[in-house]
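Each remark here refers to the structure printed beneath this line.
Residues take their numbers from the sequence shown, with the count starting at 1. What you are looking at is a predicted structure, and each value in this text was computed from that prediction instead of being measured.
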Amino acid sequence: MDEPRTDRPVPARSQGLPLRQRVITLAAQIISVVFAVLVALAADEWWEERENAELGRRGVAAVTAEIRDNLDALESRREQTTRVLASVDSALALMATGVTDVDVNINYPVALLSSAAWQTAQVTRAVHFVEIDTVIRIARVYNLQEFFLRNQERLTDQIADLASNVRDDPQRVVRDASRGYRVVTGFRDALATAYRCILIQLDGGDPSEGEGCAAT
């Protein structure tokens with residue numbers, strides 16, 4: 001004769017355990033899940049911090065290379081600028097004696113300087129992962145570079161205007177060119193010093209160790 005059927009479900013193994021042991025088992029499972037989540041979050045945060053640090057390093061490396069190129073471009077014009085300024089001074093000396101027919105070159109050798117790496121570092125937020133002191137020093141150098149470029153542009157415009165008036169008053173033209181040259185070369189020297197000082201720091205040195213860097 002068949003045994004009577006029952007609709008009651010067969011209890012799970014855990015349901016047959018004492019209450020205390022079930023609580024311990026459940027707590028262990030919860031702790032395991034929480035631990036796994038915390039480890040995953042920590043690993044994700046570590047990876048993000050690593051990527052951010054690498055972004056900051058790449059930004060500084062690009063800016064360092066750009067500043068070196070700018071310094072080279074600035075220095076490559078120094079000898080030519082010195083020759084032109086010597087020619088202008090010589091012409092002024094001759095004109096002071098009454099000589100009017102003087103051959104003088106007043107063309108300024110323009111230095112083409114870049115700020116692309118610095119702008120890119122700001123757009124990509126690479127500067128957010130660089131020490132604030134370093135960012136401030138770099139920003140000051142690029143501000144000085146911008147100031148130099150504005151004065152350089154002003155001088156080239158001035159020379160273009162002077163060239164059209166050289167026949168009317170050649171002595172004034174040469175004198176004004178000499179004055180503009182001296183202003184721009186002064187800014188050039190200050191910028192070159194600022195370049196050298198920031199490069200010392202970016203290479204891991206102390207800026208105060210460089211000549212003229214103490215006040216930079």
Side-chain angles (χ1 to χ4, degrees), residues 56-93 102-124 126-127 130-131 133-163 173-216:
R57 283 192 291 271
R58 289 202 305 269
V60 170
V63 167
T64 301
E66 181 172 73
I67 290 177
R68 282 202 180 94
D69 290 343
N70 286 344
L71 178 58
D72 290 343
L74 206 61
E75 291 298 335
S76 67
R77 308 298 194 279
R78 182 180 292 274
E79 184 178 350
Q80 186 179 355
T81 302
T82 301
R83 287 200 305 268
V84 174
L85 187 55
S87 174
V88 170
D89 290 344
S90 177
L92 279 176
V102 178
D103 185 18
V104 57
N105 175 23
I106 61 174
N107 292 324
Y108 177 79
V110 175
L112 301 177
L113 308 178
S114 173
S115 60
W118 175 236
Q119 293 174 6
T120 301
Q122 295 176 79
V123 171
T124 60
V127 294
V130 180
E131 292 184 0
D133 178 67
T134 300
V135 174
I136 291 173
R137 286 180 178 271
I138 293 174
R140 286 175 179 170
V141 171
Y142 277 96
N143 286 342
L144 181 58
Q145 174 178 301
E146 184 179 354
F147 189 68
F148 165 79
L149 290 174
R150 287 201 303 267
N151 280 274
Q152 178 180 250
E153 183 179 3
R154 186 178 298 116
L155 175 60
T156 55
D157 291 342
Q158 179 187 15
I159 289 174
D161 293 337
L162 292 175
V173 168
V174 176
R175 185 174 58 250
D176 290 347
S178 175
R179 186 181 301 112
Y181 257 92
R182 294 186 188 284
V183 170
V184 172
T185 53
F187 290 136
R188 178 205 62 195
D189 293 342
L191 180 58
T193 298
Y195 281 156
R196 294 189 184 95
C197 293
I198 192 63
L199 285 174
I200 291 174
Q201 181 185 3
L202 296 177
D203 287 336
D206 184 354
S208 63
E209 295 176 358
E211 183 179 355
C213 294
T216 302

Report task. Using the side chain to side chain contact (heavy atoms under 4.5 Å, CB included) rule, take R188 and T81 through it: C-alpha gap first, then chi angles, then the decisive distance, then the call. Result -> CA-CA 11 Å; R188 178 205 62 195; T81 302; 3.7 Å; yes

Requested in this report: Show the numbers, then the answer: is there a side-chain hydrogen bond (donor to acceptor under 3.5 Å, both in side chains) between R154 and N151?
Outcome: CA-CA 5 Å; R154 186 178 298 116; N151 280 274; 2.9 Å; yes

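In this structure E131 satisfies the salt bridge (charged side-chain N to carboxylate O under 4.0 Å, His left out) test with no other residue, sequence neighbours excluded. When the side-chain hydrogen bond (donor to acceptor under 3.5 Å, both in side chains) test is applied to S115, the partners found at least two apart in sequence or on another chain are Q119. Residues satisfying the side-chain hydrogen bond (donor to acceptor under 3.5 Å, both in side chains) test with D189, not counting sequence neighbours, are R78. R196 meets the salt bridge (charged side-chain N to carboxylate O under 4.0 Å, His left out) test with E75; sequence neighbours excluded. By the side-chain hydrogen bond (donor to acceptor under 3.5 Å, both in side chains) test, S114 pairs with E66, sequence neighbours left out. Applying the salt bridge (charged side-chain N to carboxylate O under 4.0 Å, His left out) criterion to D72, with sequence neighbours excluded, gives no partner residue.
Below 30°, between 30° and 60°, or above 60°: for F147 and F187 the angle between ring planes is above 60°, a perpendicular geometry.
Across all their heavy atoms, L144 and A194 have their closest contact at CD2-CB, 3.8 Å. In terms of heavy-atom proximity, L191 sits nearest to V141 at CD1-O, 3.9 Å. Heavy-atom minimum distance, A126 versus G59: CB-CA, 4.2 Å. For I200 against C213, the heavy-atom pair with the smallest separation is CD1-SG, 4.4 Å. The nearest pair of heavy atoms linking A62 to A117 is O-CB, 3.6 Å. Here the closest heavy-atom approach between residue S178 and residue D89 is recorded as OG-OD1, 3.4 Å.
R77 places a side-chain N or O within 3.5 Å of a backbone atom of V110 that can act as its donor or acceptor partner. No donor-acceptor pair closer than 3.5 Å links the side chain of Q201 to the backbone N or O of C197. In this structure a side-chain-to-backbone donor-acceptor pair under 3.5 Å is missing from S90 to S87.
For the atom pair Q145 CD and L71 CG, the distance stands at 11.0 Å (nearest 0.5 Å). Between E153 atom CD and R150 atom CZ the span is 10.0 Å, to the nearest 0.5 Å. Note that the CG atom of L113 and the CG atom of L149 stand 5.0 Å from one another [nearest 0.5 Å]. To the nearest 0.5 Å, atom CD1 of residue I138 and atom CD1 of residue I67 are 6.0 Å apart. A distance of 12.5 Å separates CG of L85 from CD of Q80, quoted to the nearest 0.5 Å. Rounded to the nearest 0.5 angstrom, Y195 OH and L202 CG are separated by 13.0 Å.
Counting heavy atoms from C-beta outward, V88 and R182 have side chains that stay 4.5 Å or more apart.
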